[in-house]
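Only a predicted model underlies this, so the values are computations on that prediction, with no experimental measurement involved. Ligands are counted one by one from 1 in listed order, and the atoms in each one are counted from 1 as well. We count residues from 1, following the sequence as given.
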Amino acid sequence: MHPEDPTPPRPLITREMIEHAVRRMGDEITNEYAGKKLKLIGTLKGCFVFMSDLARAIRLPLTVDFIEVSSYGNETTSSGVVKINKDFTNTIEDHHVILVEDIIDTGHTLNFLVKNMKLRGPASVRIAALLVKEMKQQLNYPIDYRGFNIEDDFVVGYGMDYSEYYRNLDYVGVLDGQLKLFSQKSS
Ligand code: IMP
Ligand code: MG
């Protein structure tokens, strides 16, 4: 799963738990968006696995698009500056948008994105996130569809990475010993 470490990350949320949560979220969205022009917008790259499963769990016509952002800042900056690397391609005007996130940590990314989306004329904007780090999040908007609340652990898998690896794990795992190992190797 990582070229320098053969140990699989400790499972935190299993494939079965994820499937169950995604089905529930898909049903909720299906019930609430019937007859509406629905568009899912995923934030790359972490959303790519979750969004493909969520889209298939929604039994309605919909379109998809993607945006890629990066955030700057460190422990001393509380605001978090977010920059758009790749914008979505088609208009969101008059669409009911659901922003799809793999994980909400501080919430800075989504605070920026929701505000930015709302300036571009959508009919509505809501948020779907697989994971939420409850302790840290300072989101200015409600999380309308959520999979799980988790502790402040660094997680990987199901789209989420550590230095670009582990995205293809089919479960969500925690890096315990590995982070120490990697930081020793790079120092
Ligand atoms: P936020 O702006 O602090 O909410 O950060 C959200 C983004 O940081 C997510 O979309 C992820 O890309 C990344 N991120 C936050 N926590 C983790 C984690 O535990 N594992 C992997 N990526 C994470
Ligand atoms: Mg992300």
Quiz prompt | Under-4.0 Å heavy-atom contact with ligand 1, by part of Thr43 that carries it | solution = neither
Self-check item: Lys45 to ligand 1, any heavy atom closer than 4.0 Å
Solution: no
Quiz prompt | Atom indices of ligand 1 within 4.0 angstrom of Asp153 heavy atoms, with elements | solution = 19 (O)
Quiz item: Within the side chain of Lys86, is there an N or O that forms a donor-acceptor pair under 3.5 Å with the backbone of Val69?
Solution: no
Quiz item: With respect to Leu139, which candidate in Val132, Val114, Ile127, Thr109 satisfies the side-chain contact (heavy atoms from CB on, under 4.5 Å) definition?
Solution: Ile127
Quiz item: To which of Ile103, Leu113, Val155 does the heavy atom nearest atom 14 (N) of ligand 1 belong?
Solution: Ile103
Self-check item: Close approach of Asn111 to ligand 1, heavy atoms, under 4.0 angstrom
Solution: no
Quiz prompt | Polar proximity ligand 1 side, Thr109 side, N/O cut 3.5 Å exclusive | solution = yes
Quiz prompt | Between CG on residue Asp170 and OG1 on residue Thr14, distance to nearest 0.5 Å | solution = 9.5 Å
Practice problem: Report, in ascending order of atom number, the atoms of ligand 1 lying under 4.0 Å from any heavy atom of Glu101. | Solution: 10 (O)
Self-check item: Any Gly107 heavy atom less than 4.0 Å from ligand 1
Solution: yes
Quiz item: Hey, does the Lys NZ or Arg CZ of Lys36 hover above the aromatic six-ring of Tyr33, less than 6.0 Å from the centre and inside 45° of the axis?
Solution: yes
Self-check item: ligand 1 contacted by Asp161 (non-hydrogen, < 4.0 Å)
Solution: yes
Quiz item: How would you list, by chain and number, every residue that makes a ring-ring contact (aromatic ring centres under 6.0 Å, His included) with Tyr165, sequence neighbours excluded?
Solution: His2
Quiz prompt | His108 and Ser71 side chains, donor-acceptor separation under 3.5 Å | solution = no
Quiz item: Out of Ile84, Asp87, Asn111, which one pairs with Asn116 under the side-chain contact (heavy atoms from CB on, under 4.5 Å) rule?
Solution: Ile84
